[in-house]
Colleague: 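Encoded as structure tokens, here's the structure I'll be asking about.
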Amino acid sequence: MASPAPEPQRYDFAAAEPRWQREWEARGCFRVADSPADGRRKYYVLEMFPYPSGRIHMGHVRNYTLGDVVARYQRARGAAVLHPMGWDAFGLPAENAARERGIHPARWTYDNIATMRGELQRMGLSIEWAREFATCDPSYYRHQQALFLDFLKAGLVERREAWVNWDPVDHTVLANEQVIDGRGWRSGAPVEKKLLSQWFLKITRFAPDLLAALETLERWPERVRVMQEKWIGRSEGARVRFPLAAPKADIAEIEVYTTRPDTLYGMSFLALAPEHPLAAALAAENPEIAAFIAECRRLGTSEAVIETAEKRGFDTGLRVRHPFLPEQSFPVWIANFVLMEYGTGAIFGCPAHDQRDLDFARKYRLPVRPVVLPAEADAATFAIAETAYDGPGVVFNSGFLDGLAADAAKRAAISELERCGLGAGVVNWRLRDWGVSRQRYWGCPIPVIHCEACGVVPARDLPVLLPDDVSFDRPGNPLDHHPTWKHIPCPECGRPARRETDTFDTFVDSSWYFARFCSPRAEMPVAPEAARHWLPVDQYIGGIEHAILHLLYSRFFTRAMHETGHLAIDEPFAGLFTQGMVTHASYRGADGRWLYPDEVETLADGTARHRETGEAASVGRVEAMSKSKRNTVDPGAIIARFGADTARWFILADNPPERDMEWTESGVQGAFRFIQRLYRLVADIAAEEAAERGPEAPESFSPEARALRQATHRAIAAVTEALESFGFNVAVARIHELANALAEAPSGAEADLRVTRREAAITLARLIAPMMPHLAEELQTLLDPEAGLIADQAWPEADPALLLRDQVIFAVQVMGKLRGTVALPPGSAEAVVAAQAKAEPNVAKALAGKRVVKQIFVPDRIINFVIAAD
RNA sequence: GCGGACGUGGCGGAACAGGUAGACGCAGCAGACUUAAAAUCUGCUUUCCGUUUCGGAAGUGCGGGUUCGAUUCCCGCCGUCCGCACCA
């Protein structure tokens, strides 16, 4: 479609938008001090900062529009608003660009940042660009290195061996999500499990607090809190030690973790994870066991998803004694369904009361012995078939536990274990420490030095800079291959030593950027007064995909920074809002390949065809925008054609922001039309004022003028309420209503009407300002060129007197069914309403010949007549 | 399998705290303006029934319940989406 041609009386967004953007910037409208002293309430709005991939996409547009509405609204409400922007700039794509196209990662990254900054600026966001930084700036990551060394000193960091996914071709560690069907996502080579020394941040130390504090995060979505709760995964149970009947390879006992110590008498076997140290010891001397373990490992990576249910085991021949049944012994199996990562990597199997154990026992014909009796069951006949019983009940067949309810039996079993020294009650967590080592170049160097004599020595003279002269012609970590970089004398003893060549997981970078924004140029990670003033973030906005990792890591970092004296708070984000995705219809040509929306035209009957070839196209599902499906829409092109305000308005108007929205051409057109209509409407009013310079405020208002004034003030109240609760689509609807009311208002020249129309017009400008800031400035300038910037002005206040209605419409019901309405002044008495209602012909008809036995009256709302059944 | 969310016209959605369901917009239809188109403006637009003005019936995934009155509260199903996925 053609670009909208600028005409007289038509809003020329292409000229206006850059003009206002320059004006805001020149006047420093969005600047705040690190430690302000002007007495204004503070409000910190933050959207998740972008990865500089090259261009912004519609998800960014939605994210930053939402944040900007909040920021501009809060500023109008009198807050000093901190609204910064930066770049999550380290990461693998920059290295891939270097490998594929020979561009240096730094060059690629900073070029992308320049492009994307320009795109964001064209959106007209109320961002304080003076605070901008990228996480790959040495001036940022030097402080990250300092924080790490402080954490190290405080015992929040640990170096230990861990199993990792190792890509043998690329010579790098892969994250779990980079392993696809057991193969490296880039190389396609089968991934190996490798034991490597890794740096860990001890997030588990805060597990109890990270869990407990979730309750205090009242302005977080419930589902995010639930997801974090599950991820942290607290469970109460017991550790129980089972002595081996005959010690094996220096191992005399096996420790298991269980949440069901009350079912210990129902034990029928013990099972080890394939990675359990005892299993490894056995494998060393038994090839069959070694083969079984290898088989488990293979299945564990590649076919786990497909062959979920199949349980397999191997009887080691070892036997263990039972803490409560010293005369009995039980077999020790290795089983593929036991996880080394959880608990102790070993379980005791109680088939009667655990489905997995039951499946296993049935397969290998192991005994099933019920020990918990459901309420109505009979101990003599109760038996387990194919479903384990995990409900409540009374313990039986269990020696000293007999007759106790399950909860009491758990406590009794634990005390007995503790008394005889074979176990203890423990709380177990699913959360594991955070491995932050990555064998990559484009990341923040981990600032330590390895010395043969002194061990791990903290680097001095931060930052430890990345070398520029790196080569990507070999697989593996360029830092490790660099001819000189890693060689350095030990800071302690001066002998030759070696730098750590691993860099940090990029989640580290994003775990504290919100704090750095408070004082982005400080000579320490965060200036204390700035942090005290601005933190926590009042409103954080971003995608649900970060519900767990990024948000949990940031919560951990805040605690760790508190403990090391950098911050005085524990929770970084007081309010969290998670937005939905931007989706778009997808199209495929006759040959099945994806088509761009621009290539397709949709016909009246709903079918589609190729714009040029005319071949039929199938309309696919509405899906998240993705390059591979070719259903993306470029924000830059939209802004060029329709302006930033159109894009912002459509995004806000379409639906509630937490849901997925569908990007449609007609929706954009609708938004564009509304902007033009509003402009014409206000321009007409402005023109009439200019001809006859401002009428005096009239003594009284005609009913028509009063009606428009009421509409104006109702809109103020409704839009305010909607913006407070992220109801942007509702705010848009209320603004439409006010525009409609103004358009329909009588156009007489009487002073009261002119004043009232002008009030409505200026109110419209103020109400749209957070959402369409450029148009708002333009409209206000039309109405009053002397008024200054809307960006500096206060939010309008509704006059309570004008929110009262002159008349309310009562619904009149007979037996709960609507039979008519009556209009009466608010506060009318029940008797008055009843009389008036009964006089309505249609109501009278419904009541004719009936006896009213009851009358329900809700003031200013309804009156309902209940009539006798006959 | 477990956990969570959701289900309202052709579509996106609105409905304070149980009180006139469908605001507002998109799409569509009809009309005005125009040589014509675009733009703009006006009207209609949940379904069904009745001769219209107007009135009636049904209707918020399905089936029950509480209530004078249920999109809203309770019970049981069905469906969609998301998260976790052998967590002992």
Side-chain angles (χ1 to χ4, degrees), chain A residues 1-2 4-5 7 10 221-227 229-231 233-235 237 256-260 263 271 273 304-305 308-311 335-339 341-350 353-357 359-360 390 428-431 544-545 547-548 580 602 604 606 622 650 653-656 658-662 664-671 673-674 676-677 680 718 721-722 727 729-737 739-740 743 809-821 841-842 845 853-867:
Chain A
M1 82 137 245
E7 294 165 13
R10 183 158 236 211
E222 175 68 18
R223 64 179 181 141
V224 173
R225 288 187 292 177
V226 169
M227 282 161 77
E229 187 185 321
K230 302 262 169 190
W231 188 265
R234 180 183 195 273
S235 75
V256 308
Y257 172 72
T258 178
T259 56
R260 295 298 302 274
T263 64
V305 189
T308 43
E310 183 68 4
K311 291 194 171 32
N336 66 339
F337 68 94
V338 181
L339 305 175
E341 301 84 46
Y342 188 78
T344 61
I347 61 156
F348 86 86
C350 175
H353 304 292
D354 183 289
Q355 191 60 44
R356 294 157 303 185
D357 297 348
D359 295 343
F360 191 78
D390 60 4
N428 195 54
W429 304 85
R430 181 184 177 277
L431 184 69
I544 187 72
E545 68 273 18
I548 296 176
T602 324
V622 172
F650 171 48
D654 188 60
N655 69 348
E658 68 275 13
R659 294 193 208 168
D660 289 352
M661 76 166 287
E662 186 186 352
T664 59
E665 177 78 10
S666 57
V668 181
Q669 301 277 2
R673 273 201 303 273
F674 180 69
Q676 297 297 344
R677 176 167 172 245
R680 280 195 305 273
E721 192 188 322
N729 56 324
V730 179
V732 165
R734 299 287 95 87
I735 288 169
H736 271 284
E737 282 173 352
N740 291 344
I809 295 169
F810 286 82
V812 183
Q813 299 179 340
V814 177
M815 294 299 277
K817 284 188 188 289
L818 185 72
R819 293 299 175 210
T821 59
N842 211 41
K845 199 169 78 184
V853 293
K854 197 173 171 187
Q855 179 172 306
I856 285 125
F857 178 72
V858 181
D860 292 351
R861 284 201 179 270
I862 67 147
I863 183 151
N864 184 12
F865 300 108
V866 183
I867 55 184

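When reading the values below, keep in mind they use all heavy atoms of this one structure, side chains included, and skip hydrogens, waters and symmetry mates. Per chain, numbering begins at 1; letters A, B, ... match sequence-line order.
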Colleague: Rounding to an integer number of angstrom, what distance separates B:rU20 and B:rC29 when you compare their P atoms?
Modeller: 34 Å

Colleague: Of all the choices, B:rG3, B:rG25, B:rG19, which nucleotide is nearest to the side chain of A:Asn740 once you look at every atom?
Modeller: B:rG25

Colleague: Looking across every strand, which nucleic acid part, if any, lies under 4.0 Å from A:Ile548 by heavy atom: base, sugar-phosphate, or nothing?
Modeller: nothing

Colleague: Report the nucleotide, chosen from B:rC86, B:rG56, B:rC87, that has the shortest atom-to-atom distance to any side-chain atom of A:Asn842.
Modeller: B:rG56

Colleague: Any side-chain N or O of A:Lys230 below 4.0 angstrom from OP1/OP2 of B:rG3?
Modeller: no

Colleague: Do the side chain of A:Gln813 and the base of B:rG19 come within less than 3.5 angstrom through a donor-acceptor pair of N or O atoms?
Modeller: yes

Colleague: Taking the same atom, C1', in B:rC77 and in B:rG9, what whole-Å distance lies between them?
Modeller: 25 Å

Colleague: Which nucleotide wins on minimum distance to the side chain of A:Val866, given the candidates B:rU20, B:rC68, B:rG12?
Modeller: B:rC68

Colleague: In whole angstrom, give me the gap between the C1' atoms of B:rG65 and B:rG79.
Modeller: 23 Å

Colleague: Quick one: list whatever passes side chain to side chain contact (heavy atoms under 4.5 Å, CB included) with A:Arg659, sequence neighbours left out.
Modeller: A:Asn655, A:Pro656

Colleague: Taking atom C1' in both B:rC49 and B:rC26, compute the distance separating them and give it to the nearest angstrom.
Modeller: 30 Å

Colleague: Select one nucleotide: of B:rG12, B:rC24, B:rA88, the one nearest the side-chain heavy atoms of A:Val338.
Modeller: B:rA88

Colleague: Validate the cation-pi geometry between A:Lys311 and A:Phe360: distance from NZ or CZ to the six-membered ring centre under 6.0 Å, angle to the ring axis within 45°.
Modeller: no

Colleague: Kindly point out which of B:rC41, B:rA88, B:rA85 is positioned nearest to the side chain of A:Ile347?
Modeller: B:rA88

Colleague: Between A:Tyr257 and B:rA88, is there a contact of a side-chain N or O with OP1 or OP2 at under 4.0 Å?
Modeller: no

Colleague: Return the set of residues passing side chain to side chain contact (heavy atoms under 4.5 Å, CB included) with A:Ala671 (not counting sequence neighbours), or none when no residue passes.
Modeller: A:Thr646, A:Trp649, A:Phe650

Colleague: Quick one: sort the A:Phe857 and A:Phe810 rings into parallel, tilted or perpendicular, breaks at 30° and 60°.
Modeller: parallel

Colleague: For the side chain of A:Arg819, starting at C-beta, report the closest nucleotide among B:rA14, B:rG56, B:rA27.
Modeller: B:rG56

Colleague: Could you work out which one of B:rA15, B:rC84, B:rA88 sits closest to the side chain of A:Ser235?
Modeller: B:rA88

Colleague: Could you check whether atom CD1 of A:Ile809 has more than 12 heavy atoms from other residues, nucleotides or ligands sitting under 6.0 Å from it?
Modeller: no

Colleague: State whether A:Arg673 places a side-chain N or O below 4.0 Å from either non-bridging phosphate oxygen (OP1 or OP2) of B:rA27.
Modeller: yes

Colleague: Considering only B:rG19, B:rA58, B:rU40, which nucleotide approaches the side chain of A:Lys817 most closely?
Modeller: B:rA58

Colleague: RNA chain B: A:Phe810 or A:Leu339, which has the more 5' nearest nucleotide?
Modeller: A:Phe810

Colleague: Which value, in whole Å, describes the distance between the P atoms of nucleotides B:rG76 and B:rA85?
Modeller: 29 Å

Colleague: Which glycosidic conformation, syn or anti, is assigned to B:rG9 if syn requires a torsion within 90° of zero?
Modeller: syn

Colleague: So what is the 5' to 3' dot-bracket string for RNA chain B, if pairs are Watson-Crick or G-U wobble with both distances under 3.5 Å, crossing pairs use [ ] and | means the partner sits on another strand?
Modeller: (((((((..(((......[....))).(((((.......))))).(((((...)))))..(((((..]....))))))))))))....

Colleague: Can you work out whether A:Ile856 or A:Ala273 has the more 5'-proximal nearest nucleotide on RNA chain B?
Modeller: A:Ile856

Colleague: So if I take every side-chain heavy atom of A:Pro656 and compare against B:rC86, B:rA14, B:rG3, which nucleotide ends up nearest?
Modeller: B:rA14

Colleague: Please tell me which of the listed nucleotides, B:rA88, B:rG19, B:rU40, lies nearest to the side chain of A:Arg680?
Modeller: B:rU40

Colleague: Give a yes or no on whether a donor-acceptor pair under 3.5 Å exists between the nucleobase atoms of B:rC6, that is its base, and the side chain of A:Arg223.
Modeller: no

Colleague: Taking atom P in both B:rG12 and B:rG61, compute the distance separating them and give it to the nearest angstrom.
Modeller: 13 Å

Colleague: Look at the side chain of A:Asn864 and the backbone N and O of A:Gly816, then say whether any donor-acceptor pair between them is shorter than 3.5 Å.
Modeller: yes

Colleague: Considering non-hydrogen atoms only, spot the tightest contact between A:Val338 and A:Ala271 and give its length.
Modeller: CG2-CB, 3.9 Å

Colleague: Identify whether any heavy atom of A:Asn729 sits under 4.0 Å from a base atom; if not, whether one sits that close to sugar-phosphate; answer base, sugar-phosphate or nothing.
Modeller: sugar-phosphate

Colleague: If you go through the side-chain atoms of A:Arg734, does one of them form a donor-acceptor pair with the base of B:rA23 closer than 3.5 Å?
Modeller: yes

Colleague: Can you see if the side chain of A:Arg234 gets near the phosphate of B:rC87 - specifically, an N or O under 4.0 Å from OP1 or OP2?
Modeller: no

